[in-house]
Amino acid sequence: VQLQAFGGGLVQTGGSLRLSCSASGSIRYINKMGWYRQGPGKQRELVATITTGGPTNYADSVKGRFTISGDNAKNTVYLQIDSPKDEDTAVYYCHADLLVTTTYGARREILWGRGTKVTVSS
């Protein structure tokens, strides 16, 4: 099972960008997916999460500007970034909490995708 993220790049302040992350493999069920980020010289921090059939959660710093959504049929989560600011420049990491099908049933796995870099230019 793996996560693949797409969509990073250069974006101007006031512009928009969409990140996507897809989970693939022997997935039984996805509990939660989300995005974290690590800016230059900073620790990794939560950006947003979405729980299957449940609520979304956002960091205060991105509320009103970022939107997380999911497509259960595609095991994919999206992060719409609107009105980005310089401080949104970071490497964005996809995260998933899911159940993986095994020979004898299922096991829980926590996965991280390889980061995708977002650079905001003013």
Side-chain angles (χ1 to χ4, degrees):
V1 181
Q2 62 178 353
L3 300 178
Q4 285 188 303
F6 303 94
L10 180 65
V11 60
Q12 290 188 327
T13 53
S16 63
L17 192 70
R18 190 173 83 155
L19 307 182
S20 64
C21 174
S22 296
S24 61
S26 300
I27 298 168
R28 169 83 56 95
Y29 182 78
I30 296 178
N31 299 313
K32 181 188 294 186
M33 292 186 76
W35 294 92
Y36 289 70
R37 68 185 181 186
Q38 187 165 12
K42 299 180 181 179
Q43 292 187 331
R44 189 175 297 189
E45 62 177 0
L46 179 145
V47 176
T49 61
I50 182 167
T51 301
T52 299
T56 56
N57 181 48
Y58 294 92
D60 289 341
S61 60
V62 306
K63 283 181 181 177
R65 300 187 298 115
F66 290 17
T67 304
I68 190 169
S69 61
D71 185 333
N72 292 338
K74 295 181 179 180
N75 293 333
T76 299
V77 63
Y78 304 96
L79 184 69
Q80 179 68 35
I81 300 174
D82 294 319
S83 302
K85 304 175 181 179
D86 290 344
E87 52 264 40
D88 294 322
T89 293
V91 177
Y92 285 70
Y93 296 91
C94 180
H95 173 271
D97 177 351
L98 45 79
L99 292 178
V100 177
T101 299
T102 67
T103 302
Y104 302 104
R107 69 171 183 269
R108 183 184 182 193
E109 285 199 6
I110 305 296
L111 299 179
W112 291 93
R114 298 177 67 177
T116 184
K117 188 172 184 179
V118 174
T119 302
V120 182
S121 174
S122 55

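Sequence positions, counted from 1, serve as the residue numbers for this chain.
- Taking S20 as the reference, nothing meets the side-chain hydrogen bond (donor to acceptor under 3.5 Å, both in side chains) condition, with sequence neighbours excluded.
- With a 4.5 Å cut-off between side-chain heavy atoms of Ile, Leu, Val, Met, Phe, Trp and Tyr, the cluster of Y78 takes in none.
- Residue pairs meeting the salt bridge (Lys or Arg N to Asp or Glu O under 4.0 Å) criterion with at least one member in residues 14-29: none, sequence neighbours excluded.
- By the side-chain hydrogen bond (donor to acceptor under 3.5 Å, both in side chains) test, N57 pairs with no residue at all, sequence neighbours left out.
- For residues 85-94, every residue pair satisfying the side-chain hydrogen bond (donor to acceptor under 3.5 Å, both in side chains) rule, not counting sequence neighbours, is listed here: R37-D88, R37-Y92, R65-D88.
- A donor-acceptor pair under 3.5 Å is absent between the side-chain atoms of T67 and the main chain of Q80, judged by distance alone.
- Atom-to-atom distance recorded for Y29:OH and N72:CG is 8.0 Å, nearest 0.5 angstrom.
- Minimum heavy-atom separation, T76 to S22: OG1-OG, 2.8 Å.
- The distance from atom CZ of F66 to atom CG of L19, rounded to the nearest 0.5 Å, is 8.5 Å.
- When each of I81, L79, T49, V62 is paired with W35, the side chain to side chain contact (heavy atoms under 4.5 Å, CB included) condition holds for L79 and for no other.
- Among pairs with a residue in residues 46-90, none fulfils disulfide (SG to SG under 2.5 Å), at least two apart in sequence or across chains.
- Residue pairs meeting the disulfide (SG to SG under 2.5 Å) criterion with at least one partner in residues 4-102, sequence neighbours excluded, are C21-C94.
- Legend: residues meeting side-chain hydrogen bond (donor to acceptor under 3.5 Å, both in side chains) with E109, ordered by chain and number and at least two apart, are R107.
- Listed by chain and residue number, H95, W112 satisfy the ring-ring contact (aromatic ring centres under 6.0 Å, His included) test with Y36 (two or more places apart in sequence, or in another chain).
- When side chains are defined from C-beta on, I68 counts as touching V77, because their heavy atoms get closer than 4.5 Å.
- Counting only residues at least two apart or on different chains, no disulfide (SG to SG under 2.5 Å) pair has a member in residues 52-91.
- Scanning both residues, Q43 and Q38, for their nearest heavy atoms gives C-CG, 4.0 Å.
- Taken to the nearest 0.5 Å, the OH atom of Y58 stands 11.0 Å off from the CG atom of L46.
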Would you mind writing out the side-chain donor-acceptor pairs for residues 2-17 within the sub-3.5 Å range, not counting sequence neighbours?
none

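- Linking Ile, Leu, Val, Met, Phe, Trp and Tyr whenever their side-chain heavy atoms come within less than 4.5 Å leaves I27 and L99 in two separate clusters.
- Under the rule for a side-chain hydrogen bond (donor to acceptor under 3.5 Å, both in side chains), the partners of N31 that lie at least two apart in sequence or sit in another chain are D97.
- M33 contributes atom CE, which lies 10.0 Å from atom CD1 of I50 (distance to the nearest 0.5 angstrom).
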